[in-house]
Amino acid sequence: MIQNEYLQRVYADLEKRNPNEPEFLQAVTEVFESLQYVVDKHPEWEEAALLERFTEPERVIEFRVPWVDDNGKVHVNRGYRVQFNSAIGPYKGGLRFHPSVNLSVIKFLGFEQILKNSLTTLPMGGGKGGSDFDPKGKSDAEVMRFCQSFMTELYRHIGQFTDTPAGDIGVGGREVAYMFGQYKKIVDRFEGGVITGKGLTFGGSLARTEATGFGVCYFANEVLKNIGHDSFEGKKVVVSGSGNVAQFCAKKCTEMGATVIAMSDSAGYIYDPNGVNLDVLFDIKQKRRARIKVYADEVPGSEYHEGCKNIWNTVCDIAIPCASQNEMDEEGAKTLIKNGAIAVFEGANMPLTPGAIAAVQEANLMYSPGKASNAGGVATSGLEMSQNSIRMNWTFEEVDEKLEKIMKDIFKACYDASVECGRPGDMMLGANVAGFLKVANAMMAQGIV
């Protein structure tokens, strides 16, 4: 509960002006509850209306995206780009193509991105974008035509020193390539740093595909080691989702000695007591683009269950939600706790509801918020931008080493902030405070803009 009078007033005004944006208000509430520990020490923030400016995007862009399917039928989707905060660098954040995308979702993601990017220590501001277009079931030609139409509007709002998008749910290497190709054609320049997640033949970075999933595990390992005096070795892990983040999170968990026993997609989940065969899963998801239920048909001893939310009924030691926002509710969290889980690490953005977070924290489970533990993706996007700027390519090992160091540094920053606030080990508090203070200092230094 928000108790500080200044925070209460700012939130009440925000709620009044954004009544139909529940995801955005949820994200702000979570951050404000943490900032109570530092806002009293900074009366100058109120005088400068810092929080009012921090919670209002610098720019919101909304546009139509017309495209033609393979049968010649015209469709119109809605596109967004929210350029939230540029105090510490150009706007940076992914593009999400999914039917659930609306302004509230994009604003929540952009708001979270400010703090996430701040934690990486790289000079990147916060932004996010996307469309309610669904690439599932579309041909490559249809996806290409949509991406070209989307970029025909977006190109005028982005640039390597202004705003650099990347991928997110529904936007992988294929979509990024189509959008970059259209951008390059329109502006007649090869600006590699304008978008990240590119293919290796045209400016992409090795380890970028693996970065978010690997980064979650690097961060989680620091929590296990420093707070729980434990490790992944011998643990049973449930990883929700089966997209890019989930796939490589499962791979790194396995390399660290854990057994991933369950994964999911939007329709249901698989349970494999012997450990998910990642070669089969990668083939199903990366090559065939099929539903995860196919896994149970092909791997003896595994099971498929309808209903992706039921994945939290699986008995495990560690849960890593990597699918989407609010995928784990209070009931799911309490089931995990009852079944003996010791930790929940967020791989997606805000995958736990407020009730789930409260349940996990009350039970003293080790927990990390996505803005800290899934920052590896955007961190490696920053490394891709660096490589583009100096016109060099680093090896996979070099990038992975830099990524692991960044995740360790993020853990230290979060932990140190939690100690300063009198709540050692509270990663939610630490992440919010550490990320915010850097942005706040930059905003105060730059005046009322």
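In this structure S104 satisfies the side chain to side chain donor-acceptor pair (under 3.5 Å) test together with E23, sequence neighbours excluded. Here E401 pairs with nothing under the salt bridge (Lys or Arg N to Asp or Glu O under 4.0 Å) rule; sequence neighbours left out. For E52, there are no salt bridge (Lys or Arg N to Asp or Glu O under 4.0 Å) partners, not counting sequence neighbours. With sequence neighbours excluded, the residues that form a salt bridge (Lys or Arg N to Asp or Glu O under 4.0 Å) with R78 are E62. Remark: T259 pairs with no residue by the side chain to side chain donor-acceptor pair (under 3.5 Å) rule, at least two apart or across chains. In this structure E33 satisfies the salt bridge (Lys or Arg N to Asp or Glu O under 4.0 Å) test with no other residue, sequence neighbours excluded. In this structure, the side chain to side chain contact (heavy atoms under 4.5 Å, CB included) partners of D69, at least two apart in sequence or on a different chain, are W67, N71, K73, H75, E142.
The salt bridge (Lys or Arg N to Asp or Glu O under 4.0 Å) pairs that include a residue from residues 246-260 are K252-E255, where partners are two or more places apart or lie in different chains. Among pairs with a residue in residues 376-395, those fulfilling salt bridge (Lys or Arg N to Asp or Glu O under 4.0 Å) read K198-E384, at least two apart in sequence or across chains. The salt bridge (Lys or Arg N to Asp or Glu O under 4.0 Å) analysis of residues 205-223, with sequence neighbours excluded, yields the pairs E222-K225. Listed by first then second residue, pairs satisfying ring-ring contact (aromatic ring centres under 6.0 Å, His included) with a partner in residues 301-337 read Y269-H305, not counting sequence neighbours. Residue pairs meeting the salt bridge (Lys or Arg N to Asp or Glu O under 4.0 Å) criterion with at least one member in residues 265-277, sequence neighbours excluded: D265-K285, D265-R291.
The main-chain N or O of V280 is found under 3.5 Å from a side-chain atom of N277 such that the two form a donor-acceptor pair.
Ring geometry, F146 versus F133: the interplanar angle falls under 30°, so the pair is classed parallel (tilted spans 30 to 60°).
Remark: F150 CZ to S131 OG distance equals 6.0 Å, nearest 0.5 Å.
One finds a salt bridge joining R17 and D13 here, because a Lys/Arg side-chain nitrogen approaches an Asp/Glu carboxylate oxygen to under 4.0 Å. One finds no salt bridge joining K402 and D409 here, because no Lys/Arg side-chain nitrogen approaches an Asp/Glu carboxylate oxygen to under 4.0 Å.
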